[in-house]
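In what follows, chains are A, B, ... by sequence order, proteins preceding strands, each numbered from 1.
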Number of protein chains: 2
Amino acid sequence: MLTIGKLGEAAGVKVPTIRYYEQIGLLPPPDRSAGNQRLYGQRARDRLAFIRHARELGFPLEAIRDLLSLSDRPDQSCAAADSIARAQLAATRARIARLRALEAELERMIGQCAHGTISDCRVIEVLGDHAQCRHDHDPAVAEPAA
Amino acid sequence: MLTIGKLGEAAGVKVPTIRYYEQIGLLPPPDRSAGNQRLYGQRARDRLAFIRHARELGFPLEAIRDLLSLSDRPDQSCAAADSIARAQLAATRARIARLRALEAELERMIGQCAHGTISDCRVIEVLGDHAQCRHDHDPAVAEPAA
DNA sequence: TCTTGAACCTATAGTTGCTAGAGACATTAG
DNA sequence: CTAATGTCTCTAGCAACTATAGGTTCAAGA
């Protein structure tokens, strides 16, 4: 049996975060010691590792909740898990494309700066001009918290 | 002149968000109508569009503040602008690198999905086992909200 | 001109995903 | 046995919004 500290160490998650996950129902309430301290087993460790890993990949907690509920019912189709992952992939690619545009502009600015001219900073134009957008601003596709 | 609603529509930003940006000093207080309603011009529109795009790229508001200062003070010393731009470029490249690693792993996860049942779903399995990761994803560099 | 309804105003509280503190109890090493 | 460390609950704070309440202004139609 693991104390909360050992569990956090094993899964790479901070202690208050574990208690937070319990509070919001992502982790089931564990058994307690005689002195009321949480005691975890292997299943909790696996579940927490899963959550951590998914968080690192940018899945929001609600998506993780869905994924966990999927794995609790192993006879169902994989399609739901697949679509959650695909949505995450699409969001990731969209971000990369935008960041490349910004990278190019910052490089250009720094190059000009080397020549002593910063009076024509076009960062705002590059990032601010709606017309230069490659992607539609579909609010439904807007990035959620990660 | 644009009312706050029209401005929000034009820039793709919700009205309360605009007021919030003003409150924290990202947008200057605009002129007001006789009846105390905010009135914005073209510059405010460009600035807001810039903020929105930068937020979509995952820049924290503090970084956006720095980027805006590049265009707010075009005659400031080249050294200051250069260091801000370089810092943002480094941050941008780090984000790109990380997102590409995530992209690769998500692709791999999805590619392995045999469209069977959850019990042999690779997505769930990969998420549960960090050892299957080809890429290290440093939790300290976890993606912030975007 | 009057009226109605949408858009605006301020201020406050709630959201997500944590993180940090306070003050008290439990466990463990020496 | 004692001191140090770990844990407990609870509350408050962070970023970056978002929503609500209760009131005011504006633009357009009758």
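In this structure, CE of A/Met1 is placed 15 Å from P of D/dT7, rounded to the nearest angstrom. Atom NZ in B/Lys14 sits about 10 Å away from atom C1' in D/dA19, given to the nearest Å. We find that CD1 of A/Ile4 is positioned 7 Å from P of D/dT7, with the value rounded to whole Å. Between A/Arg65 atom CZ and C/dG17 atom C1' the separation is 12 Å, expressed in whole Å. A straight line from CG of B/Leu2 to P of D/dC26 spans 16 Å, rounded to a whole angstrom. We find that CG of A/Leu39 is positioned 12 Å from C1' of C/dT27, with the value rounded to whole Å. Between the CZ atom of B/Arg52 and the C1' atom of D/dC17 there is a distance of 14 Å, rounded to whole Å. Here the P atom of nucleotide C/dA7 and the CD atom of B/Gln37 are 12 Å apart, to the nearest Å.
For the atom pair B/Thr17 OG1 and B/Ile4 CD1, the distance stands at 9.5 Å (nearest 0.5 Å). For the atom pair CD1 (A/Ile64) and NE2 (A/His53), the distance works out to 11.0 Å, reported to the nearest 0.5 Å. To the nearest 0.5 Å, atoms OH (B/Tyr40) and CG (B/Leu7) are separated by 6.0 Å. Atom-to-atom distance recorded for A/Arg100:CZ and B/Arg100:CZ is 5.0 Å, nearest 0.5 angstrom. With rounding to the nearest 0.5 angstrom, the OH atom of A/Tyr20 is 5.5 Å from the CG atom of A/Leu61.
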Enumerate the protein-to-nucleotides 28-30 of chain C contacts in which both atoms are nitrogen or oxygen and the separation is below 3.5 Å.
none

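Among the nucleotides C/dC8, D/dA16, C/dG17, the one closest to any side-chain atom of A/Pro60 is C/dG17. Across C/dT19, D/dT9, C/dC8, the shortest atom-to-atom separation from the side chain of B/Val15 is found for C/dC8. Residue A/Pro16 places its side chain closer to C/dT19 than to any other of D/dC8, C/dT19, C/dC18.
Residue pairs meeting the salt bridge (Lys or Arg N to Asp or Glu O under 4.0 Å) criterion with at least one partner in residues 35-44 of chain A, sequence neighbours excluded, are A/Glu22-A/Arg38.
We find that B/Glu107 and A/Arg93 are joined by a salt bridge, their nearest charged nitrogen and carboxylate oxygen being less than 4.0 Å apart.
Near DNA chain C, defined here as any heavy-atom distance below 4.0 Å, the residues from residues 17-35 of chain B are B/Arg19, B/Arg32, listed numerically.
Considering all non-hydrogen atoms of both residues, B/Arg45 and B/Ala10 come closest at CD-CB, 3.8 Å. The minimum heavy-atom distance between A/Ala11 and A/Ala49, with the atom names listed, is CB-N, 4.3 Å.
Looking at B/Arg47, its side chain does come within 3.5 Å of a backbone N or O of B/Leu26 through a donor-acceptor pair.
By the side chain to side chain contact (heavy atoms under 4.5 Å, CB included) test, A/Ser33 is found to be paired with A/Gln37, A/Leu39, residues two or more places apart in sequence or in another chain being considered. Not counting sequence neighbours, the partners of A/Arg65 by the salt bridge (charged side-chain N to carboxylate O under 4.0 Å, His left out) test are A/Glu62.
The bend of the helix from C/dT1-D/dA30 to C/dG30-D/dC1, defined by the angle between the axes of its first five and last five pairs, stands at 0° to the nearest 10°.
In this model, the phosphate group of C/dT10 is approached by a side-chain N or O of B/Arg38 to a distance below 4.0 Å at OP1 or OP2.
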